[in-house]
Amino acid sequence: MFDLSSFGAALAVYVIGTASPGPGNLAIANTSLNFGRTPGLALAAGVISGSLCWGAMTAAGVSALLLSYTQILVWLKVLGACYLFFLAYKSIRGALAHNATTVARARSKQTRNIGYYLQGLGIHLTNPKAALTWFTVTTVGLSANAPAWASFVLVAGCAVLGFLIFSTYALAFSAHSAEPFFTRTRKSFGMICAAFYSIVAIGFISSLF
């Protein structure tokens, strides 16, 4: 049967995991801060899409099958680590930009947002922890006797929450009212993002040994 209390607990687990600092929301914040609202929302859409892909695969049992093969998990961690190191490099390069004029010039050149969308998609699809998070959510939210459709309702509910959370990050960090503060903290925030990406990437690699 469909247990509403377990469903609510699963949504709470998803909100805590999604709203807390991670590669996805930090990338959204950093992109919104440096390049503006539209690129930030485009990257958020990519992160949401990646999360939805893992959620759908988990609901269908595909991701459990994939991650049961050790070799696939190894390559996923290696790919995720390489991608995070690349994001760390980009964050450092952005943080070391000489002044706000450089950032404004960079913003004006970003007329195509498909690259940001693909960046967000890549962050989530190459993160094995995203799959593990979804396993936790479905384990908490679904009982052994839950109907087949319940898993997809859970994924849809989490997708709506993910959209709200990630979009809020993009809107908050690109808000004009907050721009003076973010301009002062742009360099330090970029370096924090770079350090976080590097730590997570090192964690992926160290888990292989």
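No more than 12 heavy atoms of other residues, nucleotides or ligands shown are found within 6.0 angstrom of CZ on F163.
Without hydrogens or angle criteria, S206 side chain to G203 main chain gives a donor-acceptor distance under 3.5 Å. The backbone N or O of G22 sits less than 3.5 Å from a side-chain atom of N25, completing a donor-acceptor pair.
Residues I192 and F85 fall into different hydrophobic clusters, defined by Ile, Leu, Val, Met, Phe, Trp and Tyr side chains chained together at heavy-atom separations under 4.5 Å. Hydrophobic clustering places V47 together with L118 (ILVMFWY residues linked when any side-chain heavy atoms are closer than 4.5 Å, directly or through intermediates). Cluster annotation: F173 is connected to L164 through the hydrophobic network of ILVMFWY side chains, with a link wherever side-chain heavy atoms come within less than 4.5 Å. Linking Ile, Leu, Val, Met, Phe, Trp and Tyr residues whenever their side-chain heavy atoms come within less than 4.5 Å leaves I199 and M191 in two separate clusters. If you chain together hydrophobic residues whose side chains sit under 4.5 Å apart, I28 and I16 never meet in one group.
The other residues sharing a hydrophobic cluster with L41 are L171, where clustering joins ILVMFWY side chains under 4.5 Å apart.
Across all their heavy atoms, Q119 and A27 have their closest contact at NE2-CB, 4.5 Å. Taking all atoms of both residues into account, the shortest heavy-atom contact from R37 to A175 is NH2-CA, 4.3 Å. The heavy-atom pair separating G55 from V155 by the smallest distance is O-CG2, 3.4 Å. Between I92 and A194 the shortest heavy-atom distance is CG1-CB, 3.4 Å. Here the closest heavy-atom approach between residue A81 and residue I205 is recorded as CB-CG1, 3.7 Å. When every heavy atom of I48 is checked against every heavy atom of A159, the shortest pair comes out as CG2-O, 4.5 Å.
The side chain to side chain contact (heavy atoms under 4.5 Å, CB included) check on F196 picks up P23, L26, V200, with sequence neighbours excluded. For Y169, there are no side chain to side chain donor-acceptor pair (under 3.5 Å) partners two or more places apart in sequence or in a different chain. For S198, there are no side chain to side chain donor-acceptor pair (under 3.5 Å) partners, not counting sequence neighbours. Applying the side chain to side chain donor-acceptor pair (under 3.5 Å) criterion to Y83, with sequence neighbours excluded, gives no partner residue. By the side chain to side chain donor-acceptor pair (under 3.5 Å) test, T18 is found to be paired with no residue, residues two or more places apart in sequence or in another chain being considered.
Note that CG of L43 is 7.5 Å distant from OG of S32, once rounded to the nearest 0.5 Å.
The closest side-chain heavy-atom distance from L154 to V137 is below 4.5 Å. Looking at C158 and L11, their side chains come closer than 4.5 Å, going by heavy atoms from C-beta outward.
In this pair, F35 and Y116 present their aromatic rings tilted. The plane angle is within the 30 to 60° band.
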